[in-house]
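A single structure is presented below for examination.
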Amino acid sequence: MSDLRIAVLGVGMMGADHVARIGSRIAGARVTVVNDYVTEKAEQLAATIPGCRAIADPLDAIADPDVDAVVLATPGPTHEKQLLACLEYGKPVMCEKPLTTDVATSLEIVKREAELGKRLIQVGFMRRFDLEYAALKALLDDGGLGTPLVMHCTHRNAAVPPYFDSSMIVKDSLVHEVDVTRFLFDEEISSVQLITPSASPGAPEGLQDPQIAIFRTATGKHVDVELFVTTGVAYEVRTEVIGDNGSAMIGLDVGLLRKSAPGRWGGEITPSFKERFWLAYDIEIQRWVNAVRAGEQTGDYTDGPVAWDGYAAAAVCAAGVASLESGLPVEVEMVARDTIPGA
Ligand code: ISE
């Protein structure tokens, strides 16, 4: 079978990282087209990859006959149009979060894909592929903690870009815990509350950082999340689940513990999500490539979170942003999945 020919749209930090991994560590695929709104960036990158071209218009890149599948790492506001083009041309797509930037358009994408009768869209919630999260999921599914009741999460970044505002802490950062909650507990989140403690003196003016989020799931499980994205320290993502038969924790950063003179003990923490989750991204992309290559037979070109998961995340984050304004718990408004056959 010949290599899957991939177009990577958006070659900023995440897209460029995917181009590098497909070129070096992913089997059965190669990048044939790159695109970016900064045309020279795409052209420079294409020049370093044998058999790769830069195409200036993202919709032309999707339609190109040299492209079998698409990785979308473009800014969120462009996703709706680009996803619709992927559906129109029948091209499988791995879409970095968010699916789209609002709930209504995310739902529209879910419906349009369902009408096609093929699963073409996978959403890039990479934590599901992290070995520690996968082990925690297996433990829960095996009943190893009995009935899970409570989850505590920590989500800290050393720094965020200057354009990051308080609602992005919900839509860009908390969204991962939204997906982790739905993944681990296999149920929807029914309400969200955002609590705003005193802002850190180190946070940029106007940024409400840290934030505390509280989710209640459909069956009444409690999840709390500490979000602190300007710690100046490193990338820290920890998760602890407590059940009626014990508890389990991941994300302790205990890779290599070193003892050295004079009397020092300790290890290192990854600086950002790229280093913390590199293997999860590799596994995610390899499994997606394998699923796309097998998709012709099954009509399912995904192996991981799908458009519905992107829609559910958008709905929870919209409730989260509303709660950020009121400080009160906000009910999540979602249509029932079984009202959209094939979703
Ligand atoms: C970023 O977009 C990510 O996806 C990271 O995983 C998250 O930790 C960070 O806060 C986001 O800005």
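Here the structure is a predicted model, which means the values were calculated and not measured. Every number for a ligand or one of its atoms is a count from 1 in the order of the listing.
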Hey, which atoms in ligand 1 end up nearer than 4.0 Å to a heavy atom of Phe164?
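Listed by number with element: 12 (O).
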Any heavy atom of Tyr235 sitting closer than 4.0 Å to ligand 1?
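Yes, that is the case, since the closest heavy atom of the residue is under 4.0 Å from the ligand.
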For Asp172, state whether at least one heavy atom is located under 4.0 Å from any atom of ligand 1.
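Distance cut 4.0 Å: Asp172 passes for ligand 1.
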Indicate if Met168 and Val316 have the same hydrophobic cluster label, given that clusters are the connected sets of ILVMFWY residues with side-chain heavy-atom separations under 4.5 angstrom.
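Met168 clusters together with Val316.
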Any carboxylate oxygen within less than 4.0 angstrom of a Lys/Arg side-chain nitrogen, looking at Asp309 and Arg182?
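Between Arg182 and Asp309 there is a salt bridge, with a charged N closer than 4.0 Å to a carboxylate O.
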Give the residue and atom name of whichever protein heavy atom lies nearest to atom 5 (C) of ligand 1, and the separation in Å to one decimal.
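Minimum-distance protein heavy atom for atom 5 (C) of ligand 1 reads Phe273 CD2, 3.4 Å.
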Aromatic ring proximity, centroids under 6.0 angstrom, Tyr311 and Trp308
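So the answer is yes for these two rings.
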Among all protein heavy atoms, pick out the one at the shortest distance from atom 4 (O) of ligand 1; state its residue, atom name and that distance to 0.1 Å.
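Nearest neighbour among protein heavy atoms for atom 4 (O) of ligand 1, to 0.1 Å: His176 NE2, 2.8 Å.
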With the threshold set at 4.0 Å, does a side-chain nitrogen-carboxylate oxygen contact exist between Glu177 and Arg127?
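Yes.
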Heavy atom under 4.0 Å from ligand 1: found in Met168's side chain, backbone, both, or neither?
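For Met168, no heavy atom sits under 4.0 Å from ligand 1.
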Does Ile169 reach the side chain of Asp209, with side-chain heavy atoms less than 4.5 Å apart?
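In short, these two side chains touch, coming nearer than 4.5 Å.
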Whether Asn35 side chain and Ile55 backbone form a donor-acceptor pair below 3.5 Å
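Indeed, once roles are kept as given, a pair shorter than 3.5 Å links the two residues.
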Protein heavy-atom partner closest to atom 9 (C) of ligand 1 - residue, atom, separation in Å:
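Protein heavy atom with the smallest distance to atom 9 (C) of ligand 1: Asn157 OD1, 3.1 Å.
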With Lys137 as the cation and Phe183 as the aromatic partner, state whether NZ or CZ is under 6.0 Å from the six-membered ring centre and within 45° of the axis.
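That pair qualifies as a cation-pi contact.
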Which atoms from ligand 1 have a heavy atom of His155 less than 4.0 Å away?
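Those of ligand 1 that fall under 4.0 Å from His155 are 7 (C), 8 (O), 10 (O).
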Indicate, as side chain, backbone, both or neither, the part of Phe277 found under 4.0 angstrom from ligand 1 when only non-hydrogen atoms are considered.
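No part of Phe277 is near ligand 1 at this cut-off.
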